[in-house]
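First comes the structure, then the notes that go with it.
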Amino acid sequence: MTTAPADSTGTLAPAYGDKVIAVETAGSEPIPDAERHGSPLQLLWTWASPNIEFATVYIGVIAVLFFGLSFWQATAAIVLGTVVGAVTQGVLSLDGPRFGVPQMVIGRFSFGHRGNILPSAANGLVAGVGWFAVNSVSAAFALNTLTGLRPLPSLLLVVVAEILIGFIGHNFVHTFEKYAFPALAVIFLLAGAWTFKDADLGGGGTGGGIGGFLLAFSAAWGYAAGWNPYATDYSRYLPRTANKLKTIVYPAVGLFVSVAVVAVIGAASATIVAPKDATPTAAFTGHLPGWLGDLVLIAIILGAVSANALNVYSGAISIASFGLNLPTWLSRSVLVVVSGIAGTAAAWASLDDAGAAYEAFLLVIAYWVAPWLGVVLVERWLQGRSATDEELAARLTDRSFTNWPGIAALLIGVAVSVPLFSNQEDYVGYVPKHWPSFGDSTPLVGFLLSAVLYAVLRRSKGQAASAGSA
């Protein structure tokens with residue numbers, strides 16, 4: 001594995017560099033300057049392609065069919081939720097060129113070296129198992145509809161491709177997303193135009209109200225912000241000199257436009273009567289002419305593979321970010337395979353009730369990501385005023401570094417927001433149970449509570465440390 005320090009001068013010949021057909025050997029350690037390459041532009045398609053897929057379509061579908069919103073209400077909730085998650089994606093991406101490490105390693109600033117294992121494990125589970133399963137199921141249904149092949153064999157064919165891309169690694173992932181992007185964009189825009197032609201844009205609106213709006217907002221935010229824990233995984237190879245504004249704008253725009261447009265198409269499709277007993281993918285393509293329906297099914301498969309290439313890659317990187325002394329054979333590429341196998345098992349188990357499973361999963365993502373994000377953003381703001389990049393880089397590899405306020409704020413944020421404000425099919429919190437109009441405000445409450453609590457606790461910790469050294 002590459003072991004050169006993050007501040008290497010760049011005089012060493014790169015072993016990996018910009019090679020595309022080469023298995024990446026780096027894990028969670030800092031990427032040396034000699035290996036840095038690429039430009040921020042690649043972040044545009046890397047964050048656009050994975051969202052031009054059926055899981056994104058379903059955000060709009062559930063906003064209308066499950067949350068009872070009209071098309072226009074659903075559109076407002078989707079756009080608002082997506083823009084919030086996209087902006088933070090851009091901001092977090094800045095730390096890739098700055099430190100050269102994955103996003104979960106950056107989390108050591110907020111949670112300490114050992115405390116960071118908890119959010120890293122959560123992200124490994126959500127990315128490598130949860131999201132991998134969700135997207136693999138949609139691709140399997142699309143392949144089943146397209147070819148008539150049974151769902152399980154369809155699933156197995158899809159996951160092999162997904163695991164292979166993640167196994168090869170960073171450069172191949174970026175290249176795959178680059179070439180998938182134009183095909184996905186053209187097909188989904190054609191499908192969108194046809195869908196809007198047949199849609200009843202004044203339809204929907206079965207009484208979702210404010211509660212339904214908050215549910216849809218949380219689902220959209222959860223989906224967009226669900227990528228935030230991966231942000232620097234795909235910007236860490238950029239040179240330190242990469243343009244900062246472009247490093248923010250390209251991932252934010254790629255994420256926002258792709259999610260907002262495709263989810264709004266999904267909301268429009270939900271106003272069209274679907275064929276009886278159709279699978280979710282067949283319901284989306286049922287009103288399309290045969291040639292376009294087949295193209296969309298192919299695009300759904302390609303989009304799912306695009307998304308899961310990132311999910312299985314980042315799931316493995318999250319596990320590598322634990323900082324444990326793992327056996328040398330348990331490399332990043334092997335962890336991709338392990339994560340993919342676990343995700344495949346979860347996908348198999350959810351084939352029978354994919355719609356309900358996805359609705360619950362979208363909300364649960366935001367339950368942990370929002371408090372995590374609150375802590376991480378506050379830490380990022382505070383550290384810019386108190387330490388140099390050299391001091392911060394040393395902190396990332398300091399196994400003795402602890403930061404109890406971060407883990408405390410995260411756990412308290414989750415422990416308070418979920419029981420009080422969650423609104424799930426299997427569990428309704430105290431507030432929505434007594435005041436249904438609150439919908440599901442768990443992510444918003446969790447984010448604000450953890451952010452404020454962390455700011456207070458961290459300041460108290462700093463004052464105590466100053467007093468102790470006086």
Side-chain angles (χ1 to χ4, degrees), residues 47-48 50-52 55-93 192 196 199 201-229 231 248-249 251-271 358-359 361-374 376-377 417 421-423 431-432 436-451:
W47 291 116
N51 298 299
I52 308 175
T56 317
V57 169
Y58 217 61
I59 297 172
V61 172
I62 63 176
V64 174
L65 295 186
F66 294 1
F67 302 153
L69 299 182
S70 70
F71 167 79
W72 295 109
Q73 290 170 335
T75 297
I78 288 166
V79 169
L80 183 59
T82 302
V83 74
V84 175
V87 168
T88 51
Q89 183 77 5
V91 171
L92 294 178
S93 295
F196 276 99
L201 300 186
T206 57
I210 295 176
F213 185 90
L214 288 173
L215 282 164
F217 167 83
S218 295
W221 183 19
Y223 184 91
W227 293 113
N228 288 179
I248 295 174
V249 170
V253 169
L255 181 58
F256 171 73
V257 173
S258 59
V259 174
V261 170
V262 175
V264 168
I265 292 173
S269 75
T271 67
Y358 184 46
E359 176 193 353
F361 182 67
L362 270 177
L363 294 172
V364 169
I365 293 169
Y367 288 175
W368 89 268
V369 168
W372 171 86
L373 188 59
V376 168
L377 290 177
S417 63
F421 295 92
S422 63
N423 193 348
V431 173
S437 61
F438 274 88
D440 193 327
S441 52
T442 308
L444 181 60
V445 173
F447 175 84
L448 293 174
L449 177 59
S450 291

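The shown structure was predicted, so the numbers you read here are calculated from the model rather than taken from an experiment. FYI, side chains are in, hydrogens and waters are out, and symmetry mates aren't considered; it's all heavy atoms of this structure.
For the atom pair CZ (Phe196) and CG (Leu201), the distance works out to 6.5 Å, reported to the nearest 0.5 Å. Once rounded to the nearest 0.5 Å, the distance linking CD1 of Ile248 with CG of Leu92 reads 10.0 Å. Atom CG of residue Leu65 and atom CD1 of residue Ile62 lie 9.5 Å apart, to the nearest 0.5 angstrom. Going from atom OG of Ser269 over to atom CZ of Phe71 covers 10.0 Å, rounded to the nearest 0.5 Å. In this structure, OH on Tyr58 lies 14.5 Å from OH on Tyr223, to the nearest 0.5 angstrom. The distance from the CH2 atom of Trp221 to the CG atom of Leu373 is 7.0 Å, given to the nearest 0.5 Å.
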Distance-only criterion, 3.5 Å: show the donor-acceptor pairs between side-chain atoms of residues 81-88 and protein atoms not counting sequence neighbours.
from: Thr82; atom 1: OG1; to: Ile78; atom 2: O; distance (Å): 2.7
from: Thr88; atom 1: OG1; to: Val84; atom 2: O; distance (Å): 3.3
from: Thr88; atom 1: OG1; to: Gly85; atom 2: O; distance (Å): 3.0
from: Thr88; atom 1: OG1; to: Asn228; atom 2: OD1; distance (Å): 2.7

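Counting all heavy atoms, side chain and backbone alike, Val369 lies closest to Pro229 at CG2-CG, 4.3 Å. When all heavy atoms of Ala231 and Gln89 are compared, the closest pair comes out as CA-NE2, 3.8 Å. Of all non-hydrogen atoms in Ala77 and Ala220, the two that sit nearest each other are O-CB, 4.1 Å. Shortest non-hydrogen contact noted between Ala366 and Gly222 is CB-CA, 3.7 Å. In terms of heavy-atom proximity, Ala63 sits nearest to Phe67 at O-CB, 3.4 Å. In plain terms, the two heavy atoms of Ala74 and Ala267 that are nearest each other are CB-CB, 4.2 Å.
In terms of modelled atom types and a separation under 3.5 Å, the side chain of Ser450 and the main chain of Phe447 share no donor-acceptor contact. Panel note: side chain Thr442, backbone Phe421; a donor-acceptor pair is recorded below 3.5 Å. The backbone N or O of Gln73 lies less than 3.5 Å from a partner atom in the side chain of Ser70, making a donor-acceptor pair. Checked by atom type and distance alone, the side chain of Thr56 never pairs as donor or acceptor with a backbone atom of Ile52 at under 3.5 Å.
Scored by the side-chain hydrogen bond (donor to acceptor under 3.5 Å, both in side chains) test, Trp227 finds Asn51 as partners (sequence neighbours excluded).
Residue Ile210 places its CD1 atom among 12 or fewer non-hydrogen atoms of other residues, nucleotides or ligands, all under 6.0 Å distant.
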Exercise. Using the side chain to side chain contact (heavy atoms under 4.5 Å, CB included) rule, take Phe256 and Val79 through it: C-alpha gap first, then chi angles, then the decisive distance, then the call.
Key: CA-CA 8 Å; Phe256 171 73; Val79 169; 4.1 Å; yes
